[in-house]
Amino acid sequence: MGVFYGRIEKLDTGFMAEYFPLYVEAAKLTFRLGMTGILFSLVIGVVCSLAGYYHVPVLRQIAVVYVELSRNTPLLVQLFFLYFGLPKIGVMLSSEGCAVIGLSFLGGSYMAEALRSGLEAVEKGQMESALAIGLNRFQVMRYVIFPQALATSVPPLCANVIFLIKETSVFSVVALADLMYVAKDLIGLYYQTDEALLMLVISYLVLLLPISVAAGLIERRLRYAGFGD
Amino acid sequence: MEGQEKLLEIHHLHKDYGNGAVLKDVSLDIHKGEVLVLIGPSGCGKSTFLRCMNGLEQIQSGEIRLDGEVITDPKTKWSEVRQKIGMVFQSYELFPHMTVINNILLGPLKVQKKEKKEAEKEAEQLLERVGLLDKKDAYPRQLSGGQKQRVAIVRALIMKPEILLFDEVTAALDPEMVREVLDVMLELAKEGSTMVIVTHEMQFARAVADRIVFLDGGEVVEMAAPEQFFTQPETERAKRFLDTLSFE
Ligand SMILES: Nc1ncnc2c1ncn2[C@@H]1O[C@H](COP(=O)(O)OP(=O)(O)O)[C@@H](O)[C@H]1O
Ligand SMILES: [Mg+2]
């Protein structure tokens, strides 16, 4: 502890104040790209999980292969492929494009799995009783099946959101000035390791804590208020 | 029933799930205002038969007509047909994420595009009739089995169907709740509703039926007025079935 306190006292607050704006910019970038990727992940997740639920031929098989591919390769490798591999076959993507595509590719499978488990948890008879009152297939999904599936899926979906924001820390490999990049840069330039890392940790906490808390609140609301328990 | 309008006509219905016929050449007419009770041993095809009537199951051959129009056609608009053929299930299948009133209103609002106020009034009247108006804002989970089933009946009724299908709607209930559900059905019968009821409650069947249809092995084995069927069954299979019941 003594060592630790000693180091805190020696923190160069002037340095921290000076480079604080860099972290703010990087956090904004991380947040923006992270949220965009998460949004696309959700879209991919919905499509894949529904393809499975409805046994859509072809699309369903594609979804299975995609989910395996996506879940069993690290984001770092996916980004390398997008950023360094694709140009070799003539496909050039911007750094941000790579980051968003990579994150969506990774996140889509996680979202798909979270939604799949929710869809599977809905009682089989619900579909029939909804059809029996004359709802069409789309209405059955929208009003009866999906809301129930979503309620079950909220905890894993929220966990995925946090997981994906954390995964953005590898964006620096595609030359994006995200939080990790800024920290590494500062350390490389000034050797102010303690300050740079401390600000890095704080930045992620500031980014993730509110999301965590919000996710917790949503979960609790859905679990306790939703179905009259 | 002569001279009465035929509401549902079933001709030479064949149903196969892919491992042998479940319904074999079933033909049956259901007249307007008639209460038909379908009985038979477990697994004989009763549920399948009902589910074919509202398109929850595809049939292999045969024909079903509603008001003279063929509904077993690839072009059938089931969403429209099902508004005329209501169904109540053994396991209630209320929507657990919606309150009682919203369970009931889903059909009128989303399928029939009715005005909310008007639909709500109708829903409340129906709930009142089955004695559950005070439960309109409750969630299904907060209701007893008998209450859930009455709500499920209201949810079917509010669509103003021409015919109602009941698939063992009291089979999952505790004995003391069976009566409250059967009473609602008796009431509907008295008002002249057309119904097809699958049940194991023989006393009730006898009281409510205009006609009993005995199904065994996917075939209509016997069709008769209730008194006739219960006192003098014609076939050996019906006799045996009634015998097994009397031991219960
Ligand atoms: N979805 C299904 N797939 C395959 N076989 C089924 C299916 N549903 C019912 N069956 C079979 O069809 C027969 C009739 O079932 P069912 O209509 O449920 O009988 P009941 O309602 O008279 O008990 C049974 O042998 C049952 O195993
Ligand atoms: Mg059955």
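Letters A, B, ... are given to chains in the order of the sequence lines, protein chains preceding strands, and every chain is numbered from 1.
With chain A as partner, the option from B:K77, B:R155, B:Q112 having the largest number of non-hydrogen pairs under 4.5 angstrom is B:R155.
The backbone N or O of B:E93 lies less than 3.5 Å from no partner atom in the side chain of B:S91, so there is not a single donor-acceptor pair.
For B:I158, no part lies near chain A; criterion is any non-hydrogen pair under 4.5 Å. For A:Q126, the parts lying under 4.5 angstrom from a heavy atom of chain B are both the backbone and the side chain. If you measure heavy-atom distances from B:L165 to chain A, you find no contacts under 4.5 Å at all.
Comment: B:R65 does not engage B:E9 in a salt bridge, judged by the lack of any side-chain N to carboxylate O separation of less than 4.0 angstrom.
Remark: A:R71 qualifies as a cation-pi partner of A:Y110 under the 6.0 Å distance and 45° angle criteria applied to the six-membered ring.
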Please report the C-alpha distance between B:F89 and B:F166 in whole Å, then the side-chain angles of each, then the deciding distance to 0.1 Å, and finally whether the ring pair (Phe, Tyr, Trp, His ring centres under 6.0 Å) criterion is met.
-> CA-CA 6 Å; B:F89 301 83; B:F166 293 87; over 10 Å; no
